[in-house]
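No hydrogens, no waters, no symmetry mates; every other heavy atom, side chains included, goes into these values. Letters A, B, ... mirror the listed sequences (proteins, then strands); counts begin at 1.
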Amino acid sequence: MSAPADSIEIQNVVASTGIGQELDLEALADDLPGADFNPDNFPGLVYRTQDPKAAALIFRSGKIVCTGAKSIDDVHEALGIIFDKLRGLSIPVDEDPEITVQNIVSSADLGHNLNLNALAIGLGLEDVEYEPEQFPGLVYRMDEPEVVILLFGSGKIVITGGKQTNDAETAVEEIVKRIDNLGLLD
Amino acid sequence: RLRKWQERIRTKDAGERNLQFALSEIDRMASALGVPRSVREVASVIYRRALNEDLIRGRSIEGVATSALYAACRQEGIPRSLDEVAEVSRVPQKEIGRTYRYISQELGLELKPVDPKQFVPRFASALGLSEEVQAKATEIIDVSAEQGLLSGKSPTGFAAAAIYAASLLCNEKKTQREVADVAQVTEVTIRNRYQEQIEAMGFR
DNA sequence: ACATTACTTTTCAAAGC
DNA sequence: GCTTTAAAAAGTAATGT
């Protein structure tokens, strides 16, 4: 009774936003405890939140990238903490900065072992990248929803590239259909 | 106008020189790998196709040439591992793999995954093993692959373990280290694949 | 012979080289 | 292209005990 779609777990959410204010990252690095800033290495300042656990890349332009959160709610919560921290440093932050989800990474379990060689040919070599010498997963690019799925011999999969919460669910239902139609679901 | 002509001739000459360089590199690497002349010709065709489709822009000539040779070996059924190809190329293995995936996709080569059996004759003869061992190794690969053990595993490691197992079964024992050296994998990988394969064969 | 750590793949934004 | 950040999958490799 447990459908593969029920096994979906969001593992990472990437989102972008902006406070609508230029920042002096050198000063911010001194005022924010735990901030990592190596401009020679990377133009962004790295700031990590503990609860929820996430990492933010803060740029001179005031734009921010948040990554590592386990849900969209966690993204909002983590960014909320950062906005308040900045306000606490008397940096003006827009009232409700728009937060855009850029990528959602999910994992799931199809519940069956997969013959990746047969799958590579069945799904179509033109849409598949399977090079076990370089990586054990089969890479499948799906058009609708537009996501990339990594399939493993164990039947565990990774769905990435989606922007909507339901993209992973739609993709899992679709890939199960396609694999089943090929008679490759044990 | 005269300058434009000279520029065109210069570009044409440069392009011609680049092509000659790529083809001579393919020849040099193919010799070092000991692949037949037919494979070099297939590699040349793949390289020229990549050139015509403008796939070299933003990539090194040597990288595309090496990838074309790697692809040609696979297409002709006598694959070389990325490690082996990287040894005779001046391009890092990671770039060869990335470039191969790119030209393979863009040219629609649609090459099937490498079959571990295709490494058996070459690895076995390098170890001085008999036809009997080769046949046994081939059988082990077929049986364990049919039971789904091949998914996600490296073809060289899979072939190496089967050869090691076959050498034991045929009383022509080679050590894991000897097999690991010719296949360029670690003993740990041979041990792991070997355990799965003998179980699949019903031995234990 | 074990374990641990680390690297391979995919995705995405940010600013700049 | 590259740099950084995060996360999962499973295989392979290097290092440590």
> What contact category does A:Ser106 fall into here, base, sugar-phosphate, or nothing, at under 4.0 angstrom with non-hydrogen atoms?
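No contact.
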> Under a criterion of less than 4.0 angstrom to any heavy atom of chain B, what are the 5'-terminal and 3'-terminal contacting nucleotides of DNA chain D?
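Answer, 5' to 3': D:dC2 to D:dA14.
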> Between the side chain of B:Arg28 and the main-chain N/O of B:Val88, is any donor-acceptor distance below 3.5 Å?
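Yes, B:Arg28 side chain to B:Val88 backbone: donor-acceptor pair under 3.5 Å.
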> Can you tell me which stems DNA chain C forms when a stem means 3 or more consecutive Watson-Crick or G-U pairs under 3.5 Å?
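Stems (3+ consecutive pairs) listed as C:1-8 with D:10-17, C:13-17 with D:1-5.
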> Report which part of the nucleic acid A:Ser154 touches: base, sugar-phosphate, or nothing (heavy-atom distance under 4.0 Å, all strands).
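Touches sugar-phosphate only.
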> Could you check whether B:Tyr70 and B:Arg74, counting side-chain N and O atoms only, form a donor-acceptor pair closer than 3.5 Å?
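Side-chain D/A pair, B:Arg74 to B:Tyr70: present.
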> Looking only at atom P, what distance separates D:dG1 and C:dT9, rounded to whole Å?
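About 13 Å, rounded to a whole number of Å.
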> Side-chain donor-acceptor contacts of residues 33-42 of chain A below 3.5 Å, not counting sequence neighbours, with atom names and distances?
none

> Which residue lies toward the 5' end of DNA chain D, B:Arg98 or A:Phe152, if each is placed at its nearest nucleotide?
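Counting from the 5' end, the first nearest nucleotide belongs to B:Arg98.
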> With no hydrogens and no angle check, just 3.5 Å: does a side-chain donor-acceptor pair link B:Ser81 and B:Gln184?
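On atom types as modelled, these side chains do not qualify, holding no pair under 3.5 Å.
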> Which one, C:dT10, C:dA1, C:dA14, comes nearest to the side chain of B:Arg191?
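Of the candidates, C:dA1 comes closest.
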> Just checking B:Val185: base, sugar-phosphate only, or nothing, at a heavy-atom cut-off of under 4.0 Å?
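Sugar-phosphate only.
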> Ignoring backbone atoms, test whether B:Lys94 places a side-chain nitrogen or oxygen under 4.0 Å from the OP1 or OP2 oxygen of C:dT8.
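The answer is yes; a side-chain N or O of B:Lys94 sits under 4.0 Å from OP1 or OP2.
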> Side chain of A:Val139 only, please: which of C:dA14, C:dT10, C:dC12 is the nearest?
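Nearest nucleotide to the side chain: C:dT10.
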> Would you measure the distance from the C1' atom in D:dA9 across to the matching atom in C:dA1 and give it in whole Å?
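The same atom, C1', in both gives a distance of 27 Å.
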> Hey, which of B:Phe158, B:Tyr194, B:Phe123 is the one that makes ring-ring contact (aromatic ring centres under 6.0 Å, His included) with B:Tyr164?
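Looking at B:Phe158, B:Tyr194, B:Phe123, the match for B:Tyr164 under the ring-ring contact (aromatic ring centres under 6.0 Å, His included) is B:Tyr194.
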> Has the side chain of A:Thr160 got a donor or acceptor that lies under 3.5 Å from a partner of the other kind on the base of C:dT10?
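No such pair is found, so the answer is no.
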> With P as the reference atom in both, quote the distance from C:dA6 to D:dT4 in angstrom, rounded to an integer.
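One P to the other, the span is 16 Å.
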> Would you confirm whether B:Ser125, through its side chain, and B:Arg122, through its main-chain N or O, come within 3.5 Å as a donor-acceptor pair?
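Indeed, once roles are kept as given, a pair shorter than 3.5 Å links the two residues.
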> Taking 4.0 Å as the cut-off, does a side-chain nitrogen or oxygen of A:Arg141 come that near to OP1 or OP2 on C:dT11?
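So the side-chain polar atoms of A:Arg141 do come within 4.0 Å of the phosphate oxygens OP1 or OP2 of C:dT11, strictly under.
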> Determine the Euclidean distance between corresponding C1' atoms of C:dA3 and D:dA7; express it in Å to zero decimal places.
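To the nearest whole Å, 24 Å.
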> Which residue lies toward the 5' end of DNA chain C, A:Val148 or A:Ile64, if each is placed at its nearest nucleotide?
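Between the two, 5'-proximity favours A:Val148.
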> So, are A:Lys177 and A:Asp180 salt-bridged, with charged N and O less than 4.0 Å apart?
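Between A:Asp180 and A:Lys177 there is no salt bridge, as every charged N stays at least 4.0 Å from the carboxylate O atoms.
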> With heavy atoms under 4.0 Å as the rule, sort B:Gly152 into base, sugar-phosphate or nothing.
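Touches sugar-phosphate only.
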